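Below is one structure; the comments refer to it alone.
Being a predicted model, the structure only gives us computed values, none of them experimental.
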Amino acid sequence: MLLENKVVLITGASRGIGRATAIEAARQGANVAINTYKDDAVAAEVVAEIETLGRKAIVVDADVALPDSATTFVNAAVAAFGRVDVFVSNAGICPFHAFLDMPVEILRRTMEVNLHGAYFMTQAAANQMVKQGEGGSIVAISSISALVGGEMQTHYTPTKAGVHSLMQSCAVALGRHGIRCNSVLPGTIATDINKDDLADPAKREYMEGRIPLGRLGKPEDIASVVAFLASDMAAYMSGAALLVDGGAFANFQ
């Protein structure tokens with residue numbers, strides 16, 4: 001029970017990595033506040049699964065790209081559970097598009113959700129942790145895309161590099177308050193964000209062939225690492241980035 005009696009907040013928690021992380025947090029003993037956006041039915045399923053594990057959960061529907069959503073989410077969690085111990089910045093989008101004719105709206109929305117949203121939410125959670133005076137843990141979901149390029153991801157990869165950098169800077173800014181900040185860099189994880197891209201059997205086979213462990217990642221592969229970083233087992237880790245990719249990054253040959 002790595003997170004027993006902790007309160008964990010997770011953005012983008014109705015699907016994929018966020019959903020798996022919310023359920024893993026509950027499995028590890030935490031009560032969970034999940035942020036979603038226009039996904040009520042699926043969010044209700046996550047809450048039900050958390051409750052079957054004997055823990056409590058609330059849902060806050062809010063667009064992370066809007067600064068006010070951050071205070072709304074944190075305040076709702078405090079109202080329900082009294083505090084914030086762990087914050088997981090997970091919400092993100094990746095509408096694949098070519099670089100030369102990238103629509104301004106797609107670029108702006110991707111930046112606002114992935115990077116600005118991470119900033120506002122992290123700031124609000126950190127302020128609550130500072131107010132409590134007992135430290136805390138912040139984990140941001142970056143990506144292997146923070147380290148490598150992608151032809152159809154010129155709008156996405158900079159945001160993930162930014163999230164990684166944000167955690168490094170926050171580790172410095174918040175260390176004096178006992179708040180640890182780390183990032184997780186998933187490789188190719190089979191989720192809704194890339195299901196269309198991976199629907200092509202040839203593309204999926206190519207991606208799997210580049211991974212030394214021979215398979216795509218599962219959301220649960222990331223959730224367990226997030227739980228570790230959030231827990232006291234990682235008490236001396238801050239400003240770190242854990243690459244969780246089945247060995248893909250190492251496979252240059």
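R109 has a carboxylate O that lies under 4.0 Å from a charged side-chain N of D63, or vice versa, which qualifies the two as a salt bridge. Ion pairing between a basic and an acidic side chain is recognised when a charged N comes within 4.0 Å of a carboxylate O; E208 and R204 show such pairing. Salt-bridge formation is detected for the pair D39/R15: a Lys NZ or Arg NE/NH1/NH2 atom is positioned less than 4.0 Å from an Asp or Glu carboxylate oxygen.
Interatomic distance, CG of L9 versus CZ of F87, reported as 7.0 Å (0.5 Å rounding). Taking OG1 from T21 and CZ from R27, the interatomic distance works out to 11.0 Å, rounded to the nearest 0.5 Å. We find the CZ-CD distance between R19 and E45 to be 5.5 Å, quoted to the nearest 0.5 Å. Rounding to the nearest 0.5 Å gives a distance of 4.0 Å between OH of Y156 and OG of S143. Atoms OG1 and OH, on T188 and Y206 in that order, are 10.0 Å from each other to the nearest 0.5 Å. Of the inter-residue distances, the one linking M129 atom CE with R83 atom CZ reads 9.5 Å to the nearest 0.5 angstrom.
Listed by first then second residue, pairs satisfying side chain to side chain donor-acceptor pair (under 3.5 Å) with a partner in residues 216-235 read R215-D221, not counting sequence neighbours.
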Check: Passes side chain to side chain contact (heavy atoms under 4.5 Å, CB included), V104 versus I106? Steps please.
Finding: CA-CA 6 Å; V104 172; I106 291 180; over 6 Å; no
Next item on the list: Please test V130 against I179 for side chain to side chain contact (heavy atoms under 4.5 Å, CB included), starting from the C-alpha separation and ending with a verdict.
Entry: CA-CA 8 Å; V130 170; I179 300 171; 3.8 Å; yes
Note to self: For V139 and V184: C-alpha separation, side-chain torsions, deciding distance, then whether side chain to side chain contact (heavy atoms under 4.5 Å, CB included) applies.
What the structure shows: CA-CA 7 Å; V139 182; V184 177; 3.9 Å; yes
Item checked: Intermediate values then yes/no, side chain to side chain contact (heavy atoms under 4.5 Å, CB included), M237 and L242 -> CA-CA 11 Å; M237 291 183 68; L242 296 185; 4.1 Å; yes
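With hydrogens and angles ignored, the 3.5 Å screen pairs a side-chain donor or acceptor of R180 with a backbone N or O of A234. One N or O on the side chain of T122 and one on the backbone of A118 form a donor-acceptor pair closer than 3.5 Å. For N182 (side chain) and A240 (main-chain N/O), a donor-acceptor pair under 3.5 Å exists by modelled atom type. Checked by atom type and distance alone, the side chain of S169 never pairs as donor or acceptor with a backbone atom of L166 at under 3.5 Å.
Within the 4.5 Å cutoff, side-chain heavy atoms of H164 are placed close to those of S183. Here the side chains of Q28 and E24 are in contact, with some heavy-atom distance below 4.5 Å. For the pair S137/D85, no side-chain contact is recorded, criterion being any heavy-atom separation below 4.5 Å from C-beta on. The closest side-chain heavy-atom distance from P158 to M111 is below 4.5 Å. Two residues are said to be in side-chain contact when any heavy atoms from C-beta on lie closer than 4.5 Å; L147 and K160 fail this criterion. Using a 4.5 Å heavy-atom threshold, the side chains of C181 and L174 count as touching. In this structure, L185 and V244 have side chains that are not in contact, with every pair of non-hydrogen atoms separated by 4.5 Å or more. Contact annotation: the side chain of F120 never approaches that of S69 to less than 4.5 Å [non-hydrogen atoms, C-beta and beyond].
Hydrophobic clustering (ILVMFWY, side-chain heavy atoms < 4.5 Å, transitive): V88 and V163 are in distinct clusters. Both V8 and F228 are members of a single hydrophobic cluster when ILVMFWY side chains are connected at heavy-atom separations under 4.5 Å. I144 and L115 end up in different hydrophobic clusters when Ile, Leu, Val, Met, Phe, Trp and Tyr side chains are linked at under 4.5 Å. Both V148 and L243 belong to a common hydrophobic cluster when Ile, Leu, Val, Met, Phe, Trp and Tyr are linked at side-chain heavy-atom distances under 4.5 angstrom.
The two residues V172 and R176 come nearest to each other via the heavy atoms O-NH2, 4.5 Å. Counting all heavy atoms, side chain and backbone alike, T36 lies closest to A43 at CG2-CB, 3.8 Å. Contact record, P186 with I222: CB-CD1, 3.6 Å, taken as the closest heavy-atom pair. Closest non-hydrogen pair, A33 versus F73, comes out as O-CZ, 3.4 Å. The two residues A26 and I50 come nearest to each other via the heavy atoms CB-CG2, 3.7 Å. The shortest non-hydrogen separation linking I34 to A22 is CG2-CB, 3.9 Å.
Residues passing the side-chain contact (heavy atoms from CB on, under 4.5 Å) test with K131, sequence neighbours excluded: Q128. For E112, the side-chain contact (heavy atoms from CB on, under 4.5 Å) criterion is met by A65, R108, H116, not counting sequence neighbours. Residues satisfying the side-chain contact (heavy atoms from CB on, under 4.5 Å) test with I211, not counting sequence neighbours, are L213, L216, A248. Take A202 and apply the side-chain contact (heavy atoms from CB on, under 4.5 Å) test, not counting sequence neighbours, and it matches D200.
At most 12 non-hydrogen atoms from other residues, nucleotides or ligands lie less than 6.0 angstrom from OH of Y119. Within 6.0 Å of the CE atom in M233, the count of heavy atoms belonging to other residues, nucleotides or ligands does not exceed 12.
When each of I10, V64, I58, D61 is paired with N35, the side chain to side chain contact (heavy atoms under 4.5 Å, CB included) condition holds for V64 and for no other.
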With a cut-off of 3.5 Å and sequence neighbours excluded, list every side-chain donor-acceptor pair involving residues 90-97.
from : atom 1 : to  : atom 2 : distance (Å)
N90  : ND2    : T11 : O      : 3.2
N90  : ND2    : G12 : O      : 2.9

